[in-house]
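Excluded from the calculations below are hydrogen atoms, water molecules and symmetry mates; all remaining heavy atoms, backbone and side chain alike, are included. Quick caveat, the model's predicted, so the values are computed rather than measured.
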Amino acid sequence: FAKPEDRMMVITVVQLVGSVAQMVAPIFGGFSSIVFGWRFSFFCLALLWGSHAAYAARYMLESCPDSSEEKEEGSYFFGLRKIFTPGPLCLLFTECCAVVPFM
C-alpha cells in the first residue's frame with residue numbers, strides 16, 4: 001500500500017478483526033463443544049492452520065531484495081522512522097489496552 005492512509009486502514013481492520021475474534025471465540029467455542037464435542041475445535045483449528053500454511057507456501061514472496069544497494073534500504077532498521085509515527089503507536093497502545101483485560 002503506497003499511501004499511509006491505506007496502510008493505516010489495513011492495520012485498523014486487522015486489529016478490529018483480532019479484537020472481535022477474542023470476544024466471539026469463547027462463545028463460539030463453548031457452543032460448538034456442547035453441540036459437536038470438544039474435538040471439533042481442534043479439527044477446525046487444524047483445517048484453518050493447514051489452509052494458512054498452504055496459502056503461505058504458495059503465494060508469499062521473498063521480501064528481502066537481492067541487490068546490494070537495495071539491501072541497505074531494505075534492512076529492518078531503515079524504516080523505523082516510518083514505524084514509530086503517531087498513528088501506528090496509537091494503534092499499538094489501543095490494542096494493548098483492549099487486549100490485556102482479556103488475558
Side-chain angles (χ1 to χ4, degrees):
F1 300 99
K3 292 192 236 175
E5 295 84 22
D6 294 340
R7 286 192 297 258
M8 291 299 292
M9 180 58 93
V10 170
I11 291 171
T12 302
V13 169
V14 168
Q15 298 300 324
L16 182 66
V17 168
S19 298
V20 170
Q22 288 181 356
M23 292 183 273
V24 173
I27 297 167
F28 178 74
F31 176 75
S32 66
S33 68
I34 290 171
V35 174
F36 301 111
W38 64 270
R39 292 179 183 94
F40 180 75
S41 300
F42 293 98
F43 180 72
C44 288
L45 284 174
L47 286 176
L48 181 70
W49 286 109
S51 65
H52 284 137
Y55 176 81
R58 173 68 176 101
Y59 293 108
M60 285 186 71
L61 303 174
E62 178 61 47
S63 61
C64 183
D66 291 332
S67 69
S68 61
E69 297 122 19
E70 292 177 352
K71 281 188 179 182
E72 194 62 37
E73 292 180 7
S75 73
Y76 292 110
F77 298 110
F78 183 76
L80 284 179
R81 65 184 159 138
K82 293 180 183 177
I83 295 171
F84 292 116
T85 57
L89 285 177
C90 182
L91 283 174
L92 180 63
F93 180 70
T94 304
E95 177 188 6
C96 291
C97 291
V99 170
V100 169
F102 290 107
M103 295 181 150

Looking at residues at least two apart in the chain, or sitting in another chain, which of them share a side-chain contact (heavy atoms from CB on, under 4.5 Å) with [X]?
{"X": "Met8", "answer": "Pro88, Leu91"}
{"X": "Val17", "answer": "Val13"}
{"X": "Trp38", "answer": "Phe42"}
{"X": "Val24", "answer": "Val20"}

If the condition is ring-ring contact (aromatic ring centres under 6.0 Å, His included), which residues does Phe28 pass it with, not counting sequence neighbours?
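Phe28: no ring-ring contact (aromatic ring centres under 6.0 Å, His included) contacts found.
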Residues in ring-ring contact (aromatic ring centres under 6.0 Å, His included) with Phe40, at least two apart?
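Phe36.
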Between His52 and Tyr55, is any pair of side-chain heavy atoms under 4.5 Å apart?
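No, every pair of side-chain atoms sits at 4.5 Å or beyond.
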Over all heavy atoms of both residues, which pair between Gly29 and Ser41 is shortest? Give the atoms and the distance, please.
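So the minimum-distance heavy-atom pair works out to O-OG, 4.5 Å.
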CE-CG distance between Met9 and Leu16, expressed to the nearest 0.5 angstrom:
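CG of Leu16 is found 10.5 Å from CE of Met9.
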